[in-house]
Amino acid sequence: MEKFIVKKSKGLSGQVKISGSKNAALPILAAALLCSEPVRIDNVPTLTDIDVMLDLLRCFGAEIKPCGGMLTIDCRNTVNSIPDYRVTKKIRASFLLAGALLGRFGFCSLPLPGGCSIGLRPIDLHLKGFAAMGAKIATEHGLVTIKAKKLHGSSIYLDFPSVGATENIMLAAVLAEGRTFLNNCATEPEIVDLAGFLNAMGAKIEGAGTDSMTIEGVKELHGCTYKIIPDRIEAGTYMLMAAAVRDSEIRITNVIPQHISPIIHKLTETGIQVITGDNFIRVISGREIHNTDIKTLPYPGFPTDLQAQFMALMTTGTGSGLVKETVFENRFMYVAELNRMGADIKIDGRSAIVNGVKHLSGTNVKATDLRAGAALIIAALTAEGQTEIGEICHIDRGYVNIEKKLTDIGVDIKRIKEGDDGECTE
Ligand code: UD1
């Protein structure tokens, strides 16, 4: 296991280049299974979650080669098989293979994903979509088996605009017979990116990015070259880091500002100056942060994946702020760690009230999940002395080269090895 030692920072300055989006890359990699010609994918982030998805694709016989900064994925000779739970449980996105395998082979058998540290995370909406397209579903001994001789288009309404369910249904529908209407679906940029990739392979998807999508099934897909969008959550995290450290000025490049408009608006409310250009954002912090309220919502609302980082920012702001989490039922586990650093946060069900304190103080804390880990780094940047953050394997799941990117903007952060290698699961 490794840990980070982070020292209190003075004003951050310099430039951070954002990597490709993890949450766009995962479904896009799964989608490569649908195609029997090689595809070339650019801007795939080098992250442990991505390595797990690539290992899973290899289990099905995919050949994966780096080529001029891109990845070539050749799924010509894939075979259907049951992946090992010890691998699938590392990333919940492994369940996205269901839609792709179903589309390609009309059959899949996958370990049921369990809950995780942020919630129960059922897959009922994914299964509801597959069933509406004619699949038969059976769950036994921890495996979910889904079969359909031929999937057919259908009209599907999601009770909640689940990102994963929308993606899985899209994957299953592109090679189905006839037209699928997907209503109340997710509208996240990662959905639009998946549709872009599928359409580049010859799929016929309309309406991605709105709450109703139409997917006209096609007979087969063909090879393509596709570039993944920048990671809006990584960009938002660096914005919040610069905002947290007084007198900072950083420039974030390779970013689509429109994808992080809630963060831009909410940071502006706290008194932080945010300047946007075509593909860059400048964040300029002053002497004070005025705490505000946030409520997480599906896109284009405030992203739940930036809730913990925003809370960390407000720990040393002036006044109090209310944080409402409406997407996941258990996304405040990290609050105890922030309070150990001297924060004043009270939780009441799915809400938390943060009362700004003068300063935090560094101590030993541990990352309970990926975004919680990022929140602890934000807190550590402003805490007196030094903070030791354990279980950073969670952070490595979602932030490419984080210590290099942070060092480049003036953060004193070191990675230290401690004890034996542990296992990191979502
Ligand atoms: C994706 C993102 C994750 C992000 C989340 C919400 C990836 C790999 N992960 O996760 O980082 O935090 O979107 O923006 O892209 N739900 C059900 N039944 C279902 C499916 C979901 O009740 O069948 C519930 C979940 O328990 C959760 C809510 O819907 O409370 C949102 O989940 P969902 O949008 O599906 O998130 P993920 O796709 O798992």
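Ligands are counted one by one from 1 in listed order, and the atoms in each one are counted from 1 as well.
For atom 24 (C) of ligand 1, the nearest protein heavy atom lies 4.0 Å or farther away.
Looking at atom 36 (O) of ligand 1, its nearest protein heavy atom turns out to be F328 CZ, 4.0 Å. At the top of the distance list for atom 18 (N) of ligand 1, counting protein heavy atoms only, stands D124 OD1, 2.7 Å. In terms of protein heavy-atom proximity, atom 38 (O) of ligand 1 is nearest to G164 N, 2.8 Å. The shortest contact between atom 19 (C) of ligand 1 and any protein heavy atom is with P122 O, 3.0 Å. For atom 29 (O) of ligand 1, the closest non-hydrogen atom on the protein side is F160 CD2, 3.5 Å. Closest to atom 6 (C) of ligand 1, if we only count protein heavy atoms, is T304 CG2, 3.8 Å. The protein atom (non-hydrogen) at minimum distance from atom 4 (C) of ligand 1 is D305 OD2, 3.4 Å. When hydrogens are left out, the protein atom nearest atom 34 (O) of ligand 1 is V163 N, 2.8 Å; that is the closest non-hydrogen contact.
With a 4.0 Å heavy-atom cut-off, ligand 1 is reached by the backbone of H126 and by its side chain too. Contact annotation: for R331 versus ligand 1, heavy atoms closer than 4.0 Å belong to the side chain alone. Neither the backbone nor the side chain of A165 comes within contact range of ligand 1; no heavy atom lies under 4.0 Å. Contacts of I91 with ligand 1, taken as heavy-atom pairs under 4.0 Å, are absent altogether.
Using modelled atom types, one side-chain atom of T210 and one backbone atom of S212 make a donor-acceptor pair closer than 3.5 Å. Using a distance-only test at 3.5 Å, with no hydrogens or angles considered, no donor-acceptor pair links the side chain of D348 to the main chain of S351. Side-chain atoms of N199 come within 3.5 Å of backbone atoms of I205 as a donor-acceptor pair (strictly under, hydrogens ignored).
Side-chain contact check for D193 and Y226: at least one donor-acceptor pair (N or O, by modelled atom type) lies under 3.5 Å. Side-chain contact of T145 with S109: a donor-acceptor pair under 3.5 Å is present, judged by distance alone. T292 and E269 share a donor-acceptor pair across their side chains, judged by distance under 3.5 Å alone.
Using a cutoff of 4.0 Å between basic side-chain nitrogens and carboxylate oxygens, E388 and K3 are scored as salt-bridged. In this structure, R232 pairs ionically with E190, as a charged nitrogen and a carboxylate oxygen lie closer than 4.0 Å. Ion pairing between a basic and an acidic side chain is recognised when a charged N comes within 4.0 Å of a carboxylate O; K128 and D159 show such pairing. Salt-bridge check for D55 with R58: passed, with a basic side-chain N closer than 4.0 Å to an acidic carboxylate O.
The shortest N/O to N/O separation between S162 and ligand 1 falls below 3.5 Å. Remark: ligand 1 and E188 share no N or O pair separated by less than 3.5 Å (distance only, no angle test). At least one N/O-N/O distance between L125 and ligand 1 falls below 3.5 Å.
The ligand atoms of ligand 1 that sit less than 4.0 angstrom from a heavy atom of V327 are 27 (C), 28 (C), 30 (O), 31 (C). Of all atoms in ligand 1, listed by their number and element, those nearer than 4.0 Å to a heavy atom of N23 are 2 (C), 3 (C), 7 (C), 8 (C), 9 (N), 11 (O), 15 (O). Near R121, with a cut-off below 4.0 Å to any heavy atom, the atoms of ligand 1 are 10 (O), 26 (O), 37 (P), 39 (O).
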**Q.** Stepwise side chain to side chain donor-acceptor pair (under 3.5 Å) check, H126 with N168
**A.** CA-CA 6 Å; H126 304 232; N168 241 338; 3.0 Å; yes
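With ring centers used as reference points, F181 lies 6.0 Å or more from Y157.
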